[in-house]
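One structure is given here, and the rest of the page talks about it.
In what follows, chains are A, B, ... by sequence order, proteins preceding strands, each numbered from 1. Just so it is clear, the model here is predicted, and its values are computed rather than measured.
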There are 2 protein chains.
Amino acid sequence: MENTLFDFIAKYISLTEEEKKVLLSLDLFRSVKKGTTLLEKGQRSKDSYFVLKGCIRIYYIIDGEEKTTAFYTEMDVLTPHCVIHKAPSEYFISCVEDSILTVSNSDMEAEVNSKFPKFEIMCRMLSEELLAKQQLDFDEFKTSSPEQRYLNLLQKRPDLLHRVPQYQLASFLGIKPQSLSRLRARILEK
Amino acid sequence: MENTLFDFIAKYISLTEEEKKVLLSLDLFRSVKKGTTLLEKGQRSKDSYFVLKGCIRIYYIIDGEEKTTAFYTEMDVLTPHCVIHKAPSEYFISCVEDSILTVSNSDMEAEVNSKFPKFEIMCRMLSEELLAKQQLDFDEFKTSSPEQRYLNLLQKRPDLLHRVPQYQLASFLGIKPQSLSRLRARILEK
DNA sequence: CTTATTTCTTAACTTAAGTGAACGAGTTGT
DNA sequence: ACAACTCGTTCACTTAAGTTAAGAAATAAG
């Protein structure tokens, strides 16, 4: 479990044993049950998440309807908008499966970053990388139809289709659950 | 012009006169004519852009059709995906209007960052902020209809509607130019 | 095990976006 | 000044997503 975290970090910087100890002393690991709400709309949380195992999602409630816009699975990092912009959260975060996460708050991160410039560098690299990747995802979404998006998801994150309820997948693809059902039936006919 | 840049930087860190001189000595400013292509698909560029004046866009060519997915105007920063991932670019970048930009390459940035940790911090803050903001934009796109997206753009970036050709706006909104025309006519009837 | 609740699918109908084509306005180039 | 081209709009038609509703299947609760 610790190793999953250290392997992830190793993609960006190399840590000494000392530094690893410091990290572990922060007591970051959390087990979270399926269905748990990690962040509510309106809250001013400072917590960021790294998924070691399991799956969490971002969702909105718009006109009384749940709209899931993002899923985070193994090795994904999620820093909520409200943490960065110090404003009440526009969305909810909840646990799709029983999960193991690291939870770190921004004050703590600021302290670690100032003590170990390495971490600052890692954070910069990571967020630059995520920004560029998300840009591509957004572009792909804009330039394709719901059916193409579904087929694309089938290629890129096939696990999601089984791990996650259809109605959450539907809004993730920007459509209604009924449309997703129909779309899948249409594809099978071919 | 230099002041626009320094004002932007001042939102994140404070610079000494010395540091400002170093920045200016890098000769970052460029004037670019409307229609100029800054980045071509397939290129392995290392250049990032900051828009002081004017407008640039990202576009793809898919099945022979131009698909514009993003516009960058005054005070916007653009680091192309290929710079971060060191891979050939998937998209083009071109100048929508005569523009004034700063152009900086990633080697230079790495050097500045290592000499002035302040810059490293600024880059981290900036990309975290952009990532969180883009996440919200993406969410809003997913959860709304083309018409809602258009009305939303009318609120948030009304200037774009006049600065940019309709067919580019259409793909930016995820639809065809004909649909945008129709949609606007529909709104006017109300 | 049975009941209740949630989730998924199907269907009929409505609405809006995609498609192909035509036309006029504006621009560019010769 | 004229032809060529680009861009925006409109129209008729096709296709797919939204909506409303009902029923089947799977899950959770008693």
Side-chain angles (χ1 to χ4, degrees), chain A residues 33-37 55 57 59-69 71 92 94-98 141-154 160-190, chain B residues 33-37 55 57 59-69 71 92 94-98 141-154 160-190:
Chain A
K33 281 266 165 240
K34 175 176 175 173
T36 309
T37 298
C55 178
R57 68 177 173 126
Y59 69 96
Y60 294 75
I61 294 183
I62 298 174
D63 301 331
E65 294 221 328
E66 246 186 47
K67 305 265 189 178
T68 299
T69 57
F71 296 103
F92 299 77
S94 89
C95 234
V96 177
E97 302 171 344
D98 291 353
F141 193 94
K142 274 187 180 173
T143 57
S144 56
S145 66
E147 183 168 327
Q148 288 173 315
R149 280 175 222 150
Y150 175 80
L151 292 171
N152 195 47
L153 194 66
L154 206 63
L160 265 193
L161 301 181
H162 307 294
R163 297 173 78 168
V164 155
Q166 300 290 317
Y167 74 95
Q168 291 175 15
L169 266 183
S171 56
F172 181 69
L173 294 170
I175 57 177
K176 303 278 159 174
Q178 299 93 317
S179 299
L180 178 55
S181 264
R182 178 170 42 197
L183 181 159
R184 298 176 69 196
R186 200 165 63 219
I187 290 171
L188 279 179
E189 277 181 10
K190 296 177 186 173
Chain B
K33 282 268 165 237
K34 175 176 173 173
T36 310
T37 298
C55 178
R57 67 177 173 125
Y59 70 96
Y60 295 74
I61 294 183
I62 299 174
D63 300 330
E65 293 222 328
E66 246 186 47
K67 305 266 188 176
T68 299
T69 56
F71 296 103
F92 299 78
S94 89
C95 234
V96 177
E97 302 171 343
D98 290 352
F141 193 95
K142 275 187 181 173
T143 57
S144 56
S145 67
E147 183 169 327
Q148 287 172 316
R149 279 175 222 151
Y150 176 80
L151 292 171
N152 194 46
L153 193 66
L154 206 62
L160 265 193
L161 302 181
H162 307 294
R163 297 173 78 168
V164 155
Q166 298 290 317
Y167 73 97
Q168 290 176 16
L169 266 183
S171 55
F172 180 69
L173 293 170
I175 58 178
K176 304 278 159 173
Q178 298 95 315
S179 299
L180 178 55
S181 264
R182 178 170 41 198
L183 179 159
R184 298 176 69 195
R186 200 166 62 220
I187 290 171
L188 279 179
E189 277 179 11
K190 296 176 188 174

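- Rounded to an integer number of Å, the gap from NZ of Lys176(B) to P of dC13(D) is 21 Å.
- Computed from coordinates, the Gln148(B) CD to dT15(C) C1' distance equals 14 Å when rounded to whole Å.
- Of the side-chain N and O atoms in Arg186(B), one or more sit less than 4.0 angstrom from OP1 or OP2 of dA17(C).
- With hydrogens and angles left out, the side chain of Arg182(B) and the base of dG8(D) share no donor-acceptor pair within 3.5 Å.
- Among the nucleotides dG20(C), dA17(C), dA21(D), the one closest to any side-chain atom of Gln178(B) is dG20(C).
- Interatomic distance, CD of Gln166(B) versus CZ of Arg184(B), reported as 4.0 Å (0.5 Å rounding).
- Taking the ring centre of Phe172(A) as origin, the terminal cationic atom of Lys142(B) falls inside the region bounded by 6.0 Å and 45° from the ring axis.
- Between dA17(D), dT10(C), dT9(D), one nucleotide has an atom nearer to the side chain of Ala185(A) than all others, and that is dT10(C).
- Atom CG of Asp63(A) is separated from atom C1' of dG18(D) by 14 Å (rounded to the nearest Å).
- Distances were taken from every side-chain heavy atom of Ser181(A) (C-beta onward) to each of dA21(C), dG18(C), dT10(C); the shortest belongs to dT10(C).
- At a threshold of 4.5 Å between non-hydrogen side-chain atoms, the residues Leu173(B) and Leu183(B) do not count as touching.
- His162(A) places its NE2 atom 14 Å from the P atom of dC8(C), with the value rounded to the nearest Å.
- The Pro146(B) side chain lies nearest to dA17(C) when the options are dG18(D), dA17(C), dA17(D).
- When distances are taken from the side chain of Gln166(A) to each of dA17(D), dC8(C), dT9(D), the shortest belongs to dC8(C).
- Heavy atoms of Arg184(B) sit under 4.0 angstrom from primed sugar atoms or phosphate atoms, though from no base atom.
- For the pair Ile187(B) CD1 and dA16(C) C1', the computed distance is 13 Å after rounding to whole Å.
- For the pair Lys176(B) and Glu65(B), the salt-bridge criterion is met [side-chain N within less than 4.0 Å of a carboxylate O].
- The nearest whole Å value for the distance from the CG atom in Leu180(B) to the C1' atom in dA17(C) is 12 Å.
- As rounded to whole Å, 14 Å separates atom C1' of dG18(D) from atom CG of Leu183(A).
- Residue Leu161(A) contributes atom CG, which lies 15 Å from atom C1' of dC8(C) at whole-angstrom precision.
- When each of dA28(D), dA17(C), dA17(D) is scored by its nearest atom to the side-chain atoms of Ile175(A), the top-ranked nucleotide is dA17(D).
- Salt-bridge annotation for Arg182(B) and Glu147(B): absent, with no side-chain N of the basic residue lying under 4.0 Å from a carboxylate O of the acidic one.
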